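Have a look at the structure below, then the notes.
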Amino acid sequence: MSSTNRFTDSDIEIKKVYTKNNLPADIENELPGKFPYTRGVQPDMYRGKLWTMRQYAGFSTAEESNKRYHYLLSQGVMGLSVAFDLPTQIGYDSDHALAEGEVGKVGVAIDSIEDIEILFAGIELEKVSTSMTINATGFILLAFYVALAKKQGADLKKIAGTIQNDILKEYVARGTYIYPPKPSMRIITDIFEWCSKELPMWNTISISGYHIREAGSTALQEIAFTLSNGKAYVKAALDKGLDINVFGKRLSFFFNAHNNLFEEIAKFRAARKMWSKIMKDLGATDEKAMMLRFHTQTGGATLTAQQPHNNICRVTVQTLAAVLGGTQSLHTNGYDEALSLPTEEAARIALRTQQIVAFESGVADTVDPLAGSYFVESLTSEIEQKAWQLIEQIDAMGGSVSAIEEGFMQNEIAKSAYDYQCKIENNEKIIVGVNKFTIDKEQAVPAFKIDDNIRQIQAQKLQALRSKRDNAKAASCIAAIEEAAKNNTNLMPLVIEAVENYCTLGEIADCLRKVFGEFK
């Protein structure tokens, strides 16, 4: 790398020096809490309320995950974030043949309302906000959660949280889809419609750039593709006759934070500005419906198995990027996550990283501390311009759904991932401990192990549930869901009734497989 040419990870050239001549013309009057929200969605940001410190956790059985949640809450976590295993994510009960080898591995196994009751035992849903990373079966997990809240006697108007529920990025980057795009979009708009009346504080979708970035996109592609997907969800809701000023307030976003500090900060600022303009153009008039509120997770793909303790430094840089970029909520990764699920010690250090940034660094003391920086403002503007160009390309194809069906986003991400890997292999991009500053003998880090008997435990629970429930009532609930799917009735009330009558996740997902088919 010569001293004359430097680039961000999105290949934006970085000048040696920035002056006021590089500042965009429109920034002087921008204020936090005011359109276009470049400087933040709240006028006082973290002076009024810190971001929610949310640690993502879930593994093994509901009992084991519940113990981790109580531990995290005791350590100062402000909100829970649930990871589900692959069978739960793609709509198979734990005793299904295709679930073998995957039960409880990358998240917690949830088959029925009984599992949800155990997962949140001793936790009042009215007093905690819960984020659930679930997409294809998001509507079923939301139904479980609502059914449990009702059992607890909670006021549904006070239940706060988020389901990820972003199926478009599954087709682009992650692969845990079940149904084709059109019926999947219909399920999402059913959730928007039902929640706007019954669960007003619930974020009905978390439009996710995180997995797009994990798949190898640049920061620039992450916001362009994510905002484009967001636009598709808004248009689908408008086509259903929903009010943008109502559902628009409950849309949230989920972004990644990588190591290129200033590019990441500029990315978050540009995304807020762009989304406010998108929503305004689509007809939003309520200020809150134009605000981009987002959760951040530090970059899983940036963690190295080599010298894993170095990841603590990486996560700290990424935490600063998210906070200086104005996040509403944050999960910090454990240093050992390139090797296994995080141990309790790694999860604690990850949380302490957020707490040290919040209470010791001073970055939360003033709003948008990097506003007016010649470099950051110039980079924010450049990222915005280049991201608009990508969105215009997608619009010309007919929007996100068409661009996904044509493979445009997938191909762009694959090219970026390939280019980045080539730079590492050619030593153009230095990864400390991987292609420079390596050591001969790695120190062993204790890995978190999952018991292989979990599938058997879950299968026994399912057998007991099916033998004691009213099977005739369960069958009639499933038949009602099938009928509603065919005649375009909102599915949410019927799915809630089904889970209350002990129908399983797999039974509900299979019933809709019959009607909608599966996406291949």
Side-chain angles (χ1 to χ4, degrees), residues 7-13 24 26 36 38 166-175 177 180-182 184-185 188 205 207-239 251 253-256 258 260 263-264 266-284 290 292 294 378-423 519:
F7 296 87
T8 71
D9 289 342
S10 297
D11 275 336
I12 294 170
E13 188 165 359
D26 58 349
T38 316
D166 175 2
I167 204 66
L168 292 179
K169 69 95 180 39
E170 294 298 330
Y171 304 120
V172 175
R174 199 163 165 266
Y177 44 73
K182 286 189 175 68
S184 294
M185 294 293 273
I188 288 166
I205 194 166
I207 304 155
S208 176
Y210 184 84
H211 305 98
I212 289 170
R213 192 68 180 282
E214 289 291 286
S217 83
T218 63
L220 193 62
Q221 289 167 335
E222 181 189 353
I223 61 164
F225 296 165
T226 306
L227 298 183
S228 188
N229 288 350
K231 225 168 135 174
Y233 292 124
V234 172
K235 286 183 170 177
L238 290 171
D239 289 346
L251 306 177
F253 287 80
F254 174 26
F255 289 119
N256 209 312
H258 275 218
N260 194 313
E263 178 169 56
E264 294 300 302
K267 172 190 83 177
F268 296 131
R269 298 174 88 251
R272 261 196 305 274
K273 188 173 189 179
M274 292 172 74
W275 185 246
S276 70
K277 290 178 178 173
I278 287 168
M279 288 299 273
K280 196 172 190 179
D281 289 348
L282 288 169
M290 298 181 217
L292 181 145
F294 68 100
S378 172
L379 196 51
T380 301
S381 178
E382 204 159 348
I383 286 173
E384 183 194 354
Q385 287 163 26
K386 287 181 171 8
W388 280 128
Q389 287 165 11
L390 262 178
I391 289 174
E392 282 160 16
Q393 268 184 278
I394 293 164
D395 285 346
M397 294 175 198
S400 271
V401 176
S402 302
I404 289 162
E405 286 170 346
E406 287 179 34
F408 171 73
M409 292 188 198
Q410 298 92 312
N411 291 337
E412 290 295 303
I413 293 167
K415 276 189 267 182
S416 295
Y418 177 76
D419 290 346
Y420 189 78
Q421 189 58 36
C422 287
K423 283 176 186 166
F519 183 70

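It should be emphasised that the depicted structure is a prediction, and the values quoted were computed from it without experimental measurement. Just so it is clear, the values below take in all heavy atoms, side chains as well, and ignore hydrogens, waters and symmetry mates.
- Between K415 and Q221, the closest side-chain pair of non-hydrogen atoms is not below 4.5 Å.
- Smallest separation of non-hydrogen atoms from I413 and A215: CG2-O, 3.5 Å.
- Judged by distance alone, the side chains of Q385 and S381 do bring a donor and an acceptor atom under 3.5 Å apart.
- Under a 3.5 Å cut-off, the side chain of K267 and the backbone N or O of N256 do form a donor-acceptor pair.
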Show the numbers, then the answer: is there a side chain to side chain contact (heavy atoms under 4.5 Å, CB included) between S184 and Y171?
CA-CA 11 Å; S184 294; Y171 304 120; 3.1 Å; yes
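- In this structure, L292 and F255 have side chains that are in contact, with non-hydrogen atoms separated by less than 4.5 Å.
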Under the criterion salt bridge (Lys or Arg N to Asp or Glu O under 4.0 Å), I'd like the reasoning laid out for K273 against D26: C-alpha separation, chi angles, the key distance, then a yes or no.
CA-CA 12 Å; K273 188 173 189 179; D26 58 349; 2.9 Å; yes
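- The only member of M409, E412, K231 that meets side-chain contact (heavy atoms from CB on, under 4.5 Å) when paired with I394 is M409.
- Atom-to-atom distance recorded for Q410:CD and E405:CD is 10.0 Å, nearest 0.5 angstrom.
- Between atom CZ of residue F7 and atom CG of residue N260 there is a gap of 13.0 Å, rounded to the nearest 0.5 Å.
- When each of T226, I223, N229 is paired with F253, the side-chain contact (heavy atoms from CB on, under 4.5 Å) condition holds for T226 and for no other.
- Side chain of S400 to backbone of S228: a donor-acceptor contact under 3.5 angstrom is found.
- Ion pair K423/D11 flagged as a salt bridge, since at least one NZ, NE, NH1 or NH2 atom sits closer than 4.0 Å to an Asp/Glu carboxylate oxygen.
- Between P181 and V401, the shortest heavy-atom contact is CB-CG1, 4.2 Å.
- Of all the heavy atoms in A387 and A224, the pair that sits closest is O-CB, 3.8 Å.
- For the atom pair I278 CD1 and K235 NZ, the distance stands at 9.5 Å (nearest 0.5 Å).
- Between the Y420 side chain and the D9 main chain, no donor and acceptor come within less than 3.5 Å of each other.
- Side-chain N/O atoms of W388 and E392 include no donor and acceptor closer than 3.5 Å.
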Could you walk me through whether Y233 and M185 pass side chain to side chain contact (heavy atoms under 4.5 Å, CB included), step by step?
CA-CA 7 Å; Y233 292 124; M185 294 293 273; 3.5 Å; yes
Evaluation steps, side chain to side chain contact (heavy atoms under 4.5 Å, CB included), between T8 and I383
CA-CA 11 Å; T8 71; I383 286 173; over 6 Å; no
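- Atom NE2 in H211 sits 5.0 Å away from atom CZ in F254 (nearest 0.5 Å).
- For the residue pair S10 and T218, the shortest heavy atom distance occurs at OG-CB, 3.4 Å.
- Considering only residues two or more places apart in sequence or on other chains, F268 meets the ring pair (Phe, Tyr, Trp, His ring centres under 6.0 Å) condition with F294.
- Separation of atoms CD (E222) and NZ (K169) is listed at 12.5 Å; rounding is to 0.5 Å.
- The minimum heavy-atom distance linking T380 with T38 is given by the pair CG2-CG2, 4.3 Å.
- Atoms CG and CD, on L168 and E170 in that order, are 10.0 Å from each other to the nearest 0.5 Å.
- In terms of heavy-atom proximity, H258 sits nearest to E264 at N-OE1, 3.1 Å.
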Which is it for F408 and L390 under the side chain to side chain contact (heavy atoms under 4.5 Å, CB included) test, yes or no, and what are the steps along the way?
CA-CA 11 Å; F408 171 73; L390 262 178; 4.1 Å; yes
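- Residues passing the salt bridge (Lys or Arg N to Asp or Glu O under 4.0 Å) test with K182: none are found, sequence neighbours excluded.
- Checking S217 against S416 by side-chain atom types alone, no donor-acceptor pair falls below 3.5 Å.
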